[in-house]
Asks: 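Structure provided below as structure tokens; questions to follow.
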Amino acid sequence: MDPSLPNPFLGGIVPDAWRGATADVPEIHGDVYAKCFAAVQTVRTRQQSSSVLIHGEQGSGKTHLLARLQRQLTDTENYPDLDDDWQIFVYLRMRTSSGRIWRKIRTELVTDLMRPMPDGLTQLDHVLAKRLAAHFDGHADLALWWDHHRNERMEELIDAWHEIAMQLSLRDDFTQVLECFIRGNHRRHVRAYLSGGLVSEAGFRHLFGNVDASHYAPDNEDDAFSAVKTLCHVAGPQIPIVFCFDQIEAIEVEDSNRKPVWYLARAVADLTDEAAVAAISCVLANFADDEIRSQDRARLVSGGQTALQRLDRNQMQQVIRSRVTAMQATADAAGENMHWPFAEDERMFASRSTPRELLHAAATRFDELQGTVAAPPTTEKTPALTKLFEDRVDEAIRSQKPEDTDDLIASTLPNLLSILEPGWTTDYPTGPHNNKRDIELVLVGPDEEARVGVALCNQPSMTSLAAQLKRLIENREAFKLHKLVLIRDGRLPISPGAAATRKRIDQLTKDEGVLVRPTREVMAVLDAVRSLIADATCGDLTLDGQAVGISTVRQWLANHLDAVTREWVDQFCRPSRPGWHDEATADDSDIDAVLEYLADCPVVSMDAMSQATGIAESRIVELGRVASDRLGIVSGEPTVIFRVASSSSSEEEVQLMQGSGTR
């Protein structure tokens with residue numbers, strides 16, 4: 001065999017349903033796929049929810065199957081007509097805590113609604129265009145109809161939208177925000193508001209006028225559930241929303257007596273009771289009847305319960321052939337030989353296997369046929385895990401956003417603390433003093449020698465933040481804490497002019513409190529920690545073709561996490577008695593002032609910034625070095641300072657930073 005040929009069998013894990021494998025064999029698991037597709041049709045034709053539960057062992061192809069479903073359900077290569085059936089695909093990797101499931105669902109629903117399709121429109125465009133076209137009795141290419149009416153008949157569209165909103169009894173705020181979307185205005189703020197994300201006070205003014213932002217979009221489970229229901233009602237059963245739940249086992253449970261599937265089943269039951277949707281849930285293995293409520297099980301499997309079987313000989317050969325033909329070089333080498341390159345190799349097909357096992361065996365055998373000497377198997381995973389972890393940190397630095405901070409800390413901190421500080425546990429306080437979840441969780445030291453409350457304070461509105469801080473002051477004694485940690489992402493400023501907010505922070509951190517401002521790098525490490533733990537828990541973490549268990553990952557993290565991350569965790573559990581106090585750095589206030597000014601003017605000249613903030617230009621240059629993850633400076637005539645945006649920023653935000661203005 002030509003040793004220069006690429007190995008077509010590498011890369012056996014599908015990262016997510018939106019980034020499916022390049023090769024697929026539709027006949028494999030075709031019965032399960034048909035059951036999922038039938039659930040979608042049930043919603044459309046019977047106008048009632050349908051849920052399918054899929055069991056599958058590690059590497060059996062659960063995410064691959066969802067990727068196949070995604071390609072079929074979102075195929076706009078032929079530019080659909082308004083008359084064509086359409087549906088919305090939503091993929092959810094359940095990397096969250098059980099107390100934030102609805103916020104997770106809301107965020108992922110809006111993320112996928114805003115995802116551009118091949119015809120240039122987002123899935124939300126498709127929903128609104130089809131809804132409004134039905135009102136106008138429209139018949140045409142969907143994209144052309146939508147473009148024409150938004151350019152030529154906008155006010156008629158808006159009048160029709162308000163009629164539809166009234167018929168659906170939509171929330172007033174969502175009616176207004178979706179009107180902005182139809183008009184093409186302020187889509188960055190529209191996306192943030194719909195997803196329950198970070199909307200600045202200026203953003204609220206763009207969306208709602210001069211109103212009190214503290215009354216809108218509270219970050220809690222009830223509002224998230226209401227938002228999900230509202231968006232599902234906008235789509236309606238004629239445009240089914242298909243929720244695909246993956247990595248369910250990764251849910252960080254708040255009640256140790258319950259397993260992740262209990263929370264997922266509860267959420268699916270609530271969702272399918274309130275809206276006509278399709279729900280596809282993938283789990284690793286069967287679970288006992290008493291692990292979830294009986295009424296929830298009925299809703300979880302209303303459209304069927306099935307399992308992904310191991311591949312037989314014929315199916316394995318089809319997988320091999322699909323991988324070979326997916327690459328031009330190996331397809332040319334194989335020619336008409338349907339069994340290349342393993343025609344005489346009975347070992348490849350001696351017993352049933354999962355797709356992942358087959359591809360690993362095929363990749364190894366392909367290297368052998370090329371004369372490549374495979375490295376001997378080793379139980380030492382440290383070098384490979386180190387490289388994998390570093391790659392995930394790099395990816396997170398590029399993509400992780402302040403909007404992710406609350407969920408990331410809530411779902412990762414308890415795990416990370418138990419790894420680095422054995423004996424520490426986590427409580428989730430309830431009661432009237434925490435009905436707004438001002439304290440997200442309480443970290444409890446060995447023998448309850450310390451109780452450390454963690455408050456997530458990442459609201460963009462200073463009014464909302466001040467209200468939370470006021471409640472913490474009033475209710476602090478009820479939590480019986482030795483220490484309070486306020487967490488605000490370092491990329492989110494605290495307005496220098498917010499006197500009440502700063503006064504309350506000072507009061508809360510005077511004795512046994514601390515304000516923590518994690519950097520982009522710290523949050524990226526937490527993101528990588530969470531993804532490793534989630535993948536290992538769900539059987540999706542492999543090295544050299546072998547699954548890496550959660551105990552191996554936890555031990556590696558305990559031994560190899562960097563000193564900066566360890567020091568960050570130490571802020572929560574050192575020392576173990578009252579009297580802790582953390583002095584804010586002298587740079588914090590000035591950085592906040594610069595970030596606040598850049599919130600709506602992401603690029604500005606240095607002299608304009610100095611005049612607006614009263615901070616000397618030389619000091620601003622110094623701040624640019626201190627906070628390079630948030631501030632950037634370009635020298636020249638004139639010298640400009642800009643807000644550093646992640647690579648995941650929306651297209652509109654990128655345009656805004658390039659000086660094109662707010663839409």
Asks: Thinking salt bridges, do Arg310 and Glu57 make one under a 4.0 Å N-O criterion?
Replies: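 Judged by the 4.0 Å cut-off on N to carboxylate O distance, Arg310 and Glu57 do form a salt bridge.
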Asks: Apply side chain to side chain donor-acceptor pair (under 3.5 Å) to Ser226 and Arg171, showing your working.
Replies: CA-CA 9 Å; Ser226 173; Arg171 292 167 36 169; 3.0 Å; yes
Asks: One pair to check against side chain to side chain donor-acceptor pair (under 3.5 Å): Glu252 and Asn415. What are the steps and the verdict?
Replies: CA-CA 8 Å; Glu252 178 70 21; Asn415 250 323; 2.9 Å; yes
Asks: Hey, are the side chains of Val110 and Arg191 touching, using non-hydrogen atoms and a 4.5 Å cut-off?
Replies: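 A side-chain contact exists here, since the closest heavy-atom pair is under 4.5 Å.
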Asks: For Asp273, is there an ion pair with Arg299 - N to carboxylate O distance below 4.0 angstrom?
Replies: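 Judged by the 4.0 Å cut-off on N to carboxylate O distance, Arg299 and Asp273 do form a salt bridge.
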Asks: Whether Glu221 and Arg103 form a salt bridge (side-chain N of Lys/Arg under 4.0 Å from carboxylate O of Asp/Glu) is what I want to check.
Replies: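 Yes, charged N to carboxylate O under 4.0 Å.
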Asks: Would the Phe287 and Trp262 ring centres measure less than 6.0 Å apart?
Replies: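 Between Phe287 and Trp262, the centre distance exceeds or equals 6.0 Å.
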Asks: Describe, in one word, how the ring planes of Trp102 and Phe225 are oriented to each other, choosing from parallel (under 30°), tilted (30 to 60°) and perpendicular (over 60°).
Replies: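 If you compare the ring of Trp102 with that of Phe225, the planes turn out tilted.
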Asks: Can you list the steps and then say if Gln238 with Gln47 is a side chain to side chain contact (heavy atoms under 4.5 Å, CB included)?
Replies: CA-CA 8 Å; Gln238 295 80 18; Gln47 299 193 8; 3.6 Å; yes
Asks: Can you check side chain to side chain donor-acceptor pair (under 3.5 Å) on Gln41 and Arg46, steps first, answer last?
Replies: CA-CA 8 Å; Gln41 295 302 107; Arg46 300 183 185 177; over 6 Å; no
Asks: Quick check: are there more than 12 heavy atoms from other residues, nucleotides or ligands sitting under 6.0 Å from CZ of Arg352?
Replies: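 Buried by this count: over 12 neighbours within 6.0 Å.
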Asks: Determine the minimum heavy-atom distance between Leu66 and Cys282, stating which atoms define it.
Replies: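 Closest pair (atom of Leu66, atom of Cys282, distance): CD1-SG, 3.9 Å.
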Asks: Can you check salt bridge (charged side-chain N to carboxylate O under 4.0 Å, His left out) on Arg93 and Glu108, steps first, answer last?
Replies: CA-CA 9 Å; Arg93 282 187 299 189; Glu108 298 303 330; over 6 Å; no
Asks: Find out whether Asp407 and Arg530 are in side-chain contact, i.e. whether some heavy atom of one side chain is under 4.5 Å from a heavy atom of the other.
Replies: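 Sidechains of Arg530 and Asp407: in contact.
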Asks: I'd like to check Tyr91 versus Phe243 (side-chain heavy atoms, cut-off strictly below 4.5 Å). Are they in contact?
Replies: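 Side-chain contact under 4.5 Å: no.
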Asks: Work out which heavy atom in Val452 is nearest to a heavy atom in Leu481; give both atom names and the distance.
Replies: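 Nearest heavy atoms, Val452 then Leu481: C-CD2, 4.3 Å.
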Asks: Is the shortest side-chain N to carboxylate O distance from Asp24 to Arg71 below 4.0 Å?
Replies: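 A salt bridge is present here (some side-chain N lies under 4.0 Å from a carboxylate O).
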Asks: Do side-chain atoms of Thr426 reach the backbone of Pro414 as a donor and acceptor pair under 3.5 angstrom?
Replies: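 Pair absent, no side-chain N/O of Thr426 close to backbone of Pro414.
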Asks: Can you tell if the side chain of Gln305 reaches within under 4.5 Å of the side chain of Ile54, non-hydrogen atoms only?
Replies: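 No, side chains not in contact.
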Asks: Flag the pair Lys436 and Asp438 as a salt bridge only when some basic side-chain nitrogen lies within less than 4.0 angstrom of an acidic carboxylate oxygen.
Replies: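 Here Lys436 does not pair with Asp438 in a salt bridge, since their nearest N and O are not under 4.0 Å apart.
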Asks: If you count the non-hydrogen atoms of other residues, nucleotides and ligands that lie under 6.0 Å from NZ in Lys259, is the total more than 12?
Replies: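 Open.
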Asks: Working note: Asp255 + Tyr428, criterion side chain to side chain contact (heavy atoms under 4.5 Å, CB included); need CA distance, chi angles, decisive distance, verdict.
Replies: CA-CA 9 Å; Asp255 183 346; Tyr428 297 87; over 6 Å; no
Asks: Between Trp424 and Cys573, is there a side-chain heavy-atom distance shorter than 4.5 Å?
Replies: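 Cys573 reaches Trp424 side chain to side chain.
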Asks: Between Asp16 and Arg19, is there a salt bridge with N-O shorter than 4.0 Å?
Replies: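 Judged by the 4.0 Å cut-off on N to carboxylate O distance, Arg19 and Asp16 do form a salt bridge.
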Asks: Are Val14 and Lys62 packed together at the side-chain level, in the sense that at least one heavy-atom pair is separated by less than 4.5 angstrom?
Replies: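 Contact flag for Val14/Lys62 side chains = no.
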Asks: I'd like to know if the side chain of Asn458 pairs up with that of Thr405 as donor and acceptor (distance under 3.5 Å, no hydrogens or angles considered).
Replies: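 Result is no, nothing qualifies.
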Asks: Between Asp270 and Arg266, is there a salt bridge with N-O shorter than 4.0 Å?
Replies: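 A salt bridge is present here (some side-chain N lies under 4.0 Å from a carboxylate O).
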Asks: Does Glu477 form a side chain to side chain contact (heavy atoms under 4.5 Å, CB included) with His433? I'd like the steps, not just the answer.
Replies: CA-CA 10 Å; Glu477 293 301 319; His433 56 285; over 6 Å; no
Asks: Just by distance, with hydrogens left out, do Gln315 and Glu27 show a side-chain donor and acceptor under 3.5 Å apart?
Replies: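 Side-chain D/A pair, Gln315 to Glu27: absent.
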Asks: I would like to know whether Gln123 and Met117 meet side chain to side chain contact (heavy atoms under 4.5 Å, CB included); could you show each step before the answer?
Replies: CA-CA 7 Å; Gln123 293 199 104; Met117 295 292 99; 3.8 Å; yes
Asks: Is the closest side-chain heavy-atom distance between Thr425 and Ser418 below 4.5 Å?
Replies: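 In short, these two side chains do not touch, never coming nearer than 4.5 Å.
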Asks: Heavy atoms only: give me the nearest Ser302-Ser51 pair and the separation to one decimal.
Replies: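 In this case the closest contact between Ser302 and Ser51 is OG-N, 2.9 Å.
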Asks: Which residue in the set Val268, Leu53, Thr306, Val52 passes side chain to side chain contact (heavy atoms under 4.5 Å, CB included) when paired with Val301?
Replies: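 With Val301 as partner, Val268, Leu53, Thr306, Val52 yield a single side chain to side chain contact (heavy atoms under 4.5 Å, CB included), made by Leu53.
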Asks: Provide the closest heavy-atom pair for Pro355 versus Gly59 in the form atom of the first, atom of the second, distance.
Replies: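 In terms of heavy atoms, the two residues are closest at CD-O, 3.2 Å.
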Asks: If you define the side chain from C-beta out and look only at heavy atoms, does anything of Ile241 sit under 4.5 Å from Val127?
Replies: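 Not in contact.
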Asks: So, do Trp18 and Phe89 have ring centers that fall under 6.0 Å from each other?
Replies: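 Centroid distance Trp18-Phe89: below 6.0 Å, so yes.
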Asks: Just jot down the salt bridge (charged side-chain N to carboxylate O under 4.0 Å, His left out) partners of Asp535, sequence neighbours excluded, or say none.
Replies: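 Only Arg95, Arg392 meet the salt bridge (charged side-chain N to carboxylate O under 4.0 Å, His left out) criterion with Asp535.
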Asks: Hey, are Arg437 and Glu254 close enough for a salt bridge, meaning a charged N less than 4.0 Å from a carboxylate O?
Replies: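 Here Arg437 pairs with Glu254 in a salt bridge, since their nearest N and O are under 4.0 Å apart.
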Asks: Are there over 12 heavy-atom neighbours, none belonging to Asp172, within less than 6.0 Å of that residue's CG?
Replies: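 No, the 6.0 Å shell around CG holds no more than 12 heavy atoms from other groups.
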